[in-house]
Number of protein chains: 2
Amino acid sequence: MATIDKALDALFLLGQAGQALRLADIARSLDMPRSSAHRILAPLVARGLLERDAHGRYQAGLGLMTLGLACARREPIAHAAQPVLEAAAHELGETFFLVVARGGRLVVLEKAEGDGFLRAAPRLGSSVPVHATAVGKLYLAHAPDAVELEALPRYTPATLRSRTALAAAVAEARSRGWAVNDEEWQAGLCVAAAPVLVGGRLEGCVALALVAARFHALGTAAAVRRVRHAAEGIALRLEGEKS
Amino acid sequence: MATIDKALDALFLLGQAGQALRLADIARSLDMPRSSAHRILAPLVARGLLERDAHGRYQAGLGLMTLGLACARREPIAHAAQPVLEAAAHELGETFFLVVARGGRLVVLEKAEGDGFLRAAPRLGSSVPVHATAVGKLYLAHAPDAVELEALPRYTPATLRSRTALAAAVAEARSRGWAVNDEEWQAGLCVAAAPVLVGGRLEGCVALALVAARFHALGTAAAVRRVRHAAEGIALRLEGEKS
DNA sequence: AACATCGTTCTGCAATACGGAACACCCATG
DNA sequence: CATGGGTGTTCCGTATTGCAGAACGATGTT
């Protein structure tokens, strides 16, 4: 089914380009003649997944957006989490978000941003590394098969780079029921995370992201209390929906 | 390019299904043998646009979500609007959102929800009617070619149903620089909207949605002042980015 | 003005998508 | 327990269809 793959190549190329591309550029990127690219792009434009601007260049269309959001709607945990995250973010004025494992990667599924001038603003649908985040440690502790852990690249001086150090942090996260990330991924960014457990299964994690200074001012205990409260609230709502 | 069309049929079917579907059901819906459906779905699953649950059923995957949100990222106006909407929503405690015209339809591109128990919660990527919304009137006033106006279905007793009444409302919106929707689309829902004008071009509209009672308690003047302020803030940020 | 590059259309050839048939499997019902 | 209808999956011969090169007009650059 090479034809569909070519079409998806084009979709991903334009989705990740972030700007409008010309036909010739697309053809070069996909390593095919212009005529083939033209033929492949036509049905994608006809269905609204791609659009053409005034210069005839191609870009992602909002058919893609509609499809993508239809997908998010279907996740019950996103539904359950949204008001909980919103309430928590409004109360503290900082950013809370929900991360789940899908396809071996950790994906930001829902978020509620705080109102500070300096605040974390993760992109919905973006993915975060496993070994350098609080959520990653929780997943390694509760559902290691759900995530793929390959190399351990160094993001900051605080990044855990050895399997043994990581295993210790994971064991600690498991026994405590929460995890933190103290500038291990991005300098200046601290995160506290708690698992959303439903019937013993890890359905996702709630994370609270703050600038390092505010995290230390707030204190680990207070941050952990808030993410655990939010995570438990989401778990309760999920259990309620099931019945 | 029938093959790509078949694949897109499957994508839209599963995107709009709202639940996981079995292979045989998909094959029936698309009117093709099971073997063909199986062959077409395989590359979509391999790329993460679709996923299979524990029972082997197909559902929308988060590759779709990633693609869709990558589309939203490409829109500079969504980027510019997000913090402005958030600030406005936080200040008033009501829902602000940004609507733009794409492909002849009015689409909700970004939003910031209020914290009231009863609040408007439009879905991102969903579209709203032209003739029965405040945003629609503004588009008819400033960029009538960007939207398609066909029939004028009646949604509520207040819906404008004649072209002349609509033309009068549009003229009023143009001269005033703002528009309202007083339960014309959904009973109990009032909206005030203001245009985001950059260099004289209409780039989108900011809308403030409230329950009717709160809208009248707040007053039209106050609501208009807030949406105009937000719209001007977004326009300023857009002009700043261009330089 | 000459040139290069672009987007688009056309066409013969070859690749490949098509759908029926066959298979193992699951769960209902008899 | 046996039977039956249903499922998801794989295989394969056929002919439909996608492929790439050439040619065209349009656009904008040196």
Side-chain angles (χ1 to χ4, degrees), chain A residues 1-64 71 74 102-104 242, chain B residues 1-64 71 74 102-104 242:
Chain A
M1 201 87 314
T3 303
I4 295 178
D5 270 315
K6 302 271 182 65
L8 297 184
D9 283 335
L11 266 189
F12 279 95
L13 174 68
L14 283 160
Q16 291 166 4
Q19 58 176 335
L21 297 180
R22 298 181 314 170
L23 175 64
D25 298 326
I26 298 171
R28 255 190 296 276
S29 296
L30 302 182
D31 197 34
M32 59 174 62
R34 295 198 307 271
S35 61
S36 296
H38 184 266
R39 180 165 31 82
I40 287 173
L41 292 171
L44 298 175
V45 172
R47 299 296 275 272
L49 297 190
L50 299 180
E51 292 171 358
R52 311 196 59 175
D53 65 6
H55 305 285
R57 292 177 305 198
Y58 293 82
Q59 56 186 352
L62 48 65
L64 266 183
C71 161
R74 179 148 333 95
R102 289 296 139 81
K242 283 185 178 175
Chain B
M1 202 90 307
T3 305
I4 296 177
D5 270 315
K6 302 272 183 63
L8 297 184
D9 283 334
L11 267 189
F12 279 95
L13 174 69
L14 283 160
Q16 291 166 5
Q19 58 175 331
L21 296 180
R22 299 180 313 171
L23 174 65
D25 297 326
I26 298 171
R28 253 189 298 277
S29 297
L30 302 182
D31 195 34
M32 60 172 63
R34 294 199 307 272
S35 61
S36 297
H38 184 265
R39 181 163 29 83
I40 285 173
L41 291 171
L44 298 175
V45 172
R47 299 296 276 272
L49 297 191
L50 300 180
E51 291 171 359
R52 311 195 60 174
D53 64 7
H55 305 285
R57 291 178 305 197
Y58 293 83
Q59 57 186 350
L62 51 63
L64 265 184
C71 162
R74 168 186 52 89
R102 288 296 136 82
K242 285 186 177 174

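Just so we're on the same page: letters track the sequence lines, and every chain starts at 1. All of these numbers come straight from a predicted model, not from anything done at the bench.
- Residues B:Leu62 and B:Glu51 share a closest heavy-atom pair of N-OE2, 3.3 Å.
- B:Leu23 approaches B:Ala37 most closely through the heavy-atom pair CD1-CB, 3.7 Å.
- A donor and an acceptor atom never sit less than 3.5 Å apart when one is taken from the side chain of B:Thr3 and the other from the base of C:dA17.
- Counting any heavy atom pair closer than 4.0 Å across all strands shown, B:Met1 reaches sugar-phosphate atoms only and no base atom.
- One interatomic measurement links the two molecules: CG of A:Asp5 to C1' of D:dC19, which rounds to 16 Å at whole-angstrom precision.
- What separates NZ of B:Lys6 from P of D:dT16 is a distance of 13 Å, to the nearest Å.
- When every heavy atom of B:Phe12 is checked against every heavy atom of A:Arg47, the shortest pair comes out as CZ-O, 3.7 Å.
- Residue A:His38 places its side chain closer to C:dT8 than to any other of C:dT8, D:dG8, D:dA20.
- Comparing A:Ala24 and B:Asp31 against DNA chain C, the residue whose closest nucleotide sits nearer the 5' end is A:Ala24.
- B:His55 has its NE2 atom 19 Å from the C1' atom of D:dT9, to the nearest Å.
- Listed pair B:Arg22 / D:dT9 fails the phosphate criterion, with no side-chain N or O lying under 4.0 Å from OP1 or OP2.
- One atom, CD1 of A:Ile40, and another, P of C:dT16, lie 13 Å apart when rounded to the nearest Å.
- In this entry the distance linking CD1 of B:Ile4 with P of C:dA17 reads 11 Å, nearest Å.
- When each of A:Tyr58 and A:Ala2 is assigned the nucleotide of DNA chain C with its nearest heavy atom, A:Tyr58 is the one assigned upstream, toward the 5' end.
- Whole-Å rounding puts the A:Arg39 CZ to C:dA15 C1' distance at 12 Å.
- In this structure, the CG atom of A:Leu23 is 14 Å from the C1' atom of D:dA20, given to the nearest Å.
- Proximity note for B:Ser35 (side chain, C-beta onward) versus C:dG19, D:dT7, D:dA20: the nearest is C:dG19.
- Side-chain nitrogen and oxygen atoms of A:Arg28 include none within less than 4.0 Å of the OP1 or OP2 phosphate oxygen of C:dT5.
- Using a 4.0 Å heavy-atom criterion, one finds that A:Arg52 contacts the sugar-phosphate atoms exclusively.
- When the P atom of D:dC19 is taken as reference, atom CG of A:Leu41 falls 12 Å away, rounded to whole Å.
- For C:dG7, the base has a donor-acceptor partner in the side chain of A:Arg34 [N/O atoms by modelled type, under 3.5 angstrom].
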query = Would B:Asp25 and B:Arg28 count as a salt bridge (charged side-chain N to carboxylate O under 4.0 Å, His left out) if you check the C-alpha gap in whole Å, the side-chain angles of each, and the deciding distance to 0.1 Å?
reply = CA-CA 5 Å; B:Asp25 297 326; B:Arg28 253 189 298 277; 3.1 Å; yes
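- Between A:Gly63 and A:Leu49, the closest heavy-atom pair is C-CD2, 3.7 Å.
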